[in-house]
Number of protein chains: 2
Amino acid sequence: MGSNYDQQLIERNVKPTAMRQLVYTVLNEQKTAISLAELEQKFEKVDRVTLYRTLKTFEDKKVIHAIEDGTGSVKYALCQDTCECNPKDLHVHFHCTECGQTYCLNDIQVPGINLPQNFTLESVNMVVKGVCDECNK
Amino acid sequence: MGSNYDQQLIERNVKPTAMRQLVYTVLNEQKTAISLAELEQKFEKVDRVTLYRTLKTFEDKKVIHAIEDGTGSVKYALCQDTCECNPKDLHVHFHCTECGQTYCLNDIQVPGINLPQNFTLESVNMVVKGVCDECNK
DNA sequence: AAAACTATGCAACTGTATTGCAAAGTTATT
DNA sequence: AATAACTTTGCAATACAGTTGCATAGTTTT
Ligand SMILES: [Mn+2]
Ligand SMILES: [Mn+2]
Ligand SMILES: [Zn+2]
Ligand SMILES: [Zn+2]
């Protein structure tokens with residue numbers, strides 16, 4: 001009997017172990033991106049390294065994407081169904097300097113850039129910092 | 001008798017101590033942005049914390065700007081003369097995944113973004129990753 | 001010259017990320 | 001069904017960037 005999310009893991013070539021199902025479920029519940037340390041706190045007892053490796057596996061297999069928001073801890077969020085993490089799939093992220101939350105602005109595609117001669121592009125990390133709607137209330 | 005660079009420090013309200021002159025000189029010699037650890041290696045004997053605080057002071061006073069390139073160590077580069085580190089002063093950065101260098105693309109301004117309702121903008125960190133011209137030779 | 005302020009140096013500490021290795025669990029082979 | 005091969009998980013230890021506290025040295029003001 002497979003969990004609701006097994007299919008999504010299988011589609012990305014990740015074996016849906018118990019641990020991975022749990023992690024996927026937690027990630028799916030988040031409105032904003034989450035760090036390894038924050039993920040760890042969602043569980044009563046879990047090994048940090050197992051979570052670390054689960055996140056790495058998810059990232060490799062494009063189940064999640066990493067966001068370097070400059071806080072010193074990398075944040076993670078589920079990829080959209082259609083996402084292949086190509087430059088054209090990438091969206092902008094927003095980091096609130098007030099509450100510390102990091103948002104996926106899934107609707108805002110990363111703008112194209114004309115690089116100088118002989119520079120070739122692989123990916124883009126674009127993080128806007130400011131105050132989020134919640135904190136602006 | 002003041003060093004060549006004293007004026008630039010004074011203009012930014014930083015007292016040009018011997019240490020700060022040295023650090024400024026090293027920063028000025030760099031073609032690409034530099035981390036605290038790399039800066040430390042440019043000196044025979046220097047205290048890491050002093051360099052750390054020098055960089056913090058320089059950053060506060062807008063002598064330099066910080067670049068979060070996602071490598072785990074923040075890079076620093078001198079600001080342009082006209083820079084006030086406002087959103088419109090910001091440029092794109094490029095991190096080469098081959099040689100690890102982080103470039104200031106001073107000519108490429110960070111594109112404007114239409115944030116969602118009630119999100120307010122303070123700054124933007126945009127890092128393009130790929131292979132630089134040197135490594136593409 | 002003394003007092004007040006600023007900058008530097010050293011030691012210690014925090015937190016994130018990462019590796020090695022052994023044990024447990026799963027899948028494939030006989 | 002037993003064995004072997006492979007994958008995943010757990011625990012211990014380590015690496016390293018960033019940061020703080022406090023004492024000393026240096027500078028500026030009174
Ligand atoms: Mn995202
Ligand atoms: Mn720059
Ligand atoms: Zn907020
Ligand atoms: Zn390069």
Side-chain angles (χ1 to χ4, degrees), chain A residues 1-3 5-6 9-10 12-26 33-61 63-76 95 100 102 125 127, chain B residues 1-3 5-6 9-10 12-26 33-61 63-76 95 100 102 125 127:
Chain A
M1 179 222 70
S3 114
Y5 302 125
D6 282 13
L9 291 177
I10 293 165
R12 299 287 188 167
N13 291 306
V14 176
K15 264 192 279 184
T17 65
M19 191 75 245
R20 288 166 179 174
Q21 289 169 347
L22 286 170
V23 172
Y24 190 100
T25 304
V26 171
I34 193 177
S35 69
L36 171 59
E38 286 162 347
L39 180 61
E40 194 182 358
Q41 288 167 356
K42 304 283 174 185
F43 296 89
E44 288 230 340
K45 187 190 172 300
V46 72
D47 182 51
R48 202 170 60 257
V49 177
T50 302
L51 292 180
Y52 168 78
R53 288 197 262 236
T54 303
L55 290 175
K56 275 272 170 282
T57 304
F58 281 10
E59 191 185 1
D60 284 351
K61 298 303 176 66
V63 174
I64 61 178
H65 59 282
I67 306 141
E68 293 146 2
D69 62 11
T71 57
S73 62
V74 179
K75 305 296 192 307
Y76 299 92
H95 176 74
T102 297
N125 182 51
V127 179
Chain B
M1 175 225 71
S3 112
Y5 303 126
D6 282 13
L9 292 177
I10 293 166
R12 300 286 188 169
N13 291 305
V14 176
K15 264 193 282 186
T17 65
M19 190 76 247
R20 288 167 179 173
Q21 289 170 347
L22 285 170
V23 171
Y24 190 98
T25 304
V26 171
I34 193 176
S35 68
L36 171 58
E38 286 161 347
L39 180 61
E40 195 183 357
Q41 288 168 357
K42 304 282 174 185
F43 295 89
E44 287 231 339
K45 186 189 172 301
V46 73
D47 183 50
R48 199 171 65 259
V49 178
T50 302
L51 291 180
Y52 169 76
R53 289 197 263 234
T54 301
L55 290 174
K56 275 272 169 282
T57 303
F58 281 10
E59 191 185 359
D60 283 353
K61 299 302 176 67
V63 174
I64 60 176
H65 58 283
I67 306 141
E68 293 146 0
D69 63 10
T71 57
S73 63
V74 178
K75 304 298 192 304
Y76 299 92
H95 176 74
T102 297
N125 183 51
V127 179

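Residue numbers begin at 1 in each chain, while the letters A, B, ... track the order of the sequences. Because only heavy atoms are used, hydrogens play no part in the values below, and waters and symmetry mates are left out as well, while side chains stay in.
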Inset, instruction - Could you tell me whether the phosphate oxygens of C:dT8, OP1 or OP2, come under 4.0 Å of any side-chain nitrogen or oxygen in B:Thr17? - result: yes

Inset, instruction - For residues A:Lys75 and A:Ile34, determine if any side-chain heavy atom of one lies less than 4.5 Å from a side-chain heavy atom of the other. - result: no

Legend entry - Side chain proximity check, B:Val127 to B:Asn125, heavy atoms < 4.5 angstrom: yes

Inset, instruction - Report the residue (A:Thr54 or B:Val74) whose heavy-atom-nearest nucleotide on DNA chain D is the more 5′ of the two. - result: A:Thr54

What are the atom names and distances for every N/O pair under 3.5 Å that joins the protein to nucleotides 19-28 of chain C?
from	atom 1	to	atom 2	distance (Å)
C:dG20	O6	A:Arg53	NH2	3.1

Inset, instruction - Measure the shortest side-chain to side-chain distance between B:Ile67 and B:His65 over non-hydrogen atoms and say whether it is less than 4.5 angstrom. - result: yes

Inset, instruction - Send over the distance from A:Lys56 NZ to D:dT8 P, rounded to a whole Å. - result: 16 Å

Inset, instruction - For the residue pair A:Glu68 and B:Glu68, establish whether any side-chain heavy-atom pair is separated by less than 4.5 Å. - result: no

Inset, instruction - Select base, sugar-phosphate, or nothing to describe what B:Thr50 touches, counting heavy atoms under 4.0 Å on all strands. - result: base

Legend entry - Non-hydrogen side-chain atoms of A:Phe43 and A:Leu51 separated by less than 4.5 Å: yes

Legend entry - Separation of D:dT8 P from A:Asp60 CG (nearest whole Å): 12 Å

Legend entry - Any donor-acceptor pair under 3.5 Å from B:Lys61 side chain to B:Asn13 backbone: yes

Legend entry - Between P of C:dA17 and CD of A:Glu68, the distance in whole Å: 10 Å

Legend entry - Closest approach of A:Arg20 to A:Phe58 (non-hydrogen atoms, all atoms of both residues): O-CZ, 3.6 Å

Inset, instruction - May I ask you to verify if any side-chain N or O of B:Ser35 is less than 4.0 angstrom from the OP1 or OP2 atom of D:dA17? - result: no

Legend entry - Contact under 4.0 Å: B:Arg20 side-chain N or O vs C:dA7 OP1/OP2: yes

Inset, instruction - Can you figure out which of C:dT18, C:dA12, C:dT8 approaches the side chain of B:Arg48 most closely? - result: C:dA12

Legend entry - Whole-Å distance separating the CD atom of A:Glu44 from the P atom of D:dG10: 15 Å

Legend entry - Atom-to-atom span, OH of A:Tyr76 to P of C:dT16 - whole angstrom: 12 Å

Legend entry - Distance in angstrom units between A:Asp69 CG and C:dA17 C1', rounded: 15 Å

Legend entry - Length of the CD-C1' vector between B:Glu40 and D:dC16, whole Å: 12 Å

Inset, instruction - Send over the distance from A:Asp47 CG to D:dG10 P, rounded to a whole Å. - result: 6 Å

Legend entry - Per A:Met19 side chain, nearest of listed nucleotides C:dT16, D:dG10, C:dA7: D:dG10

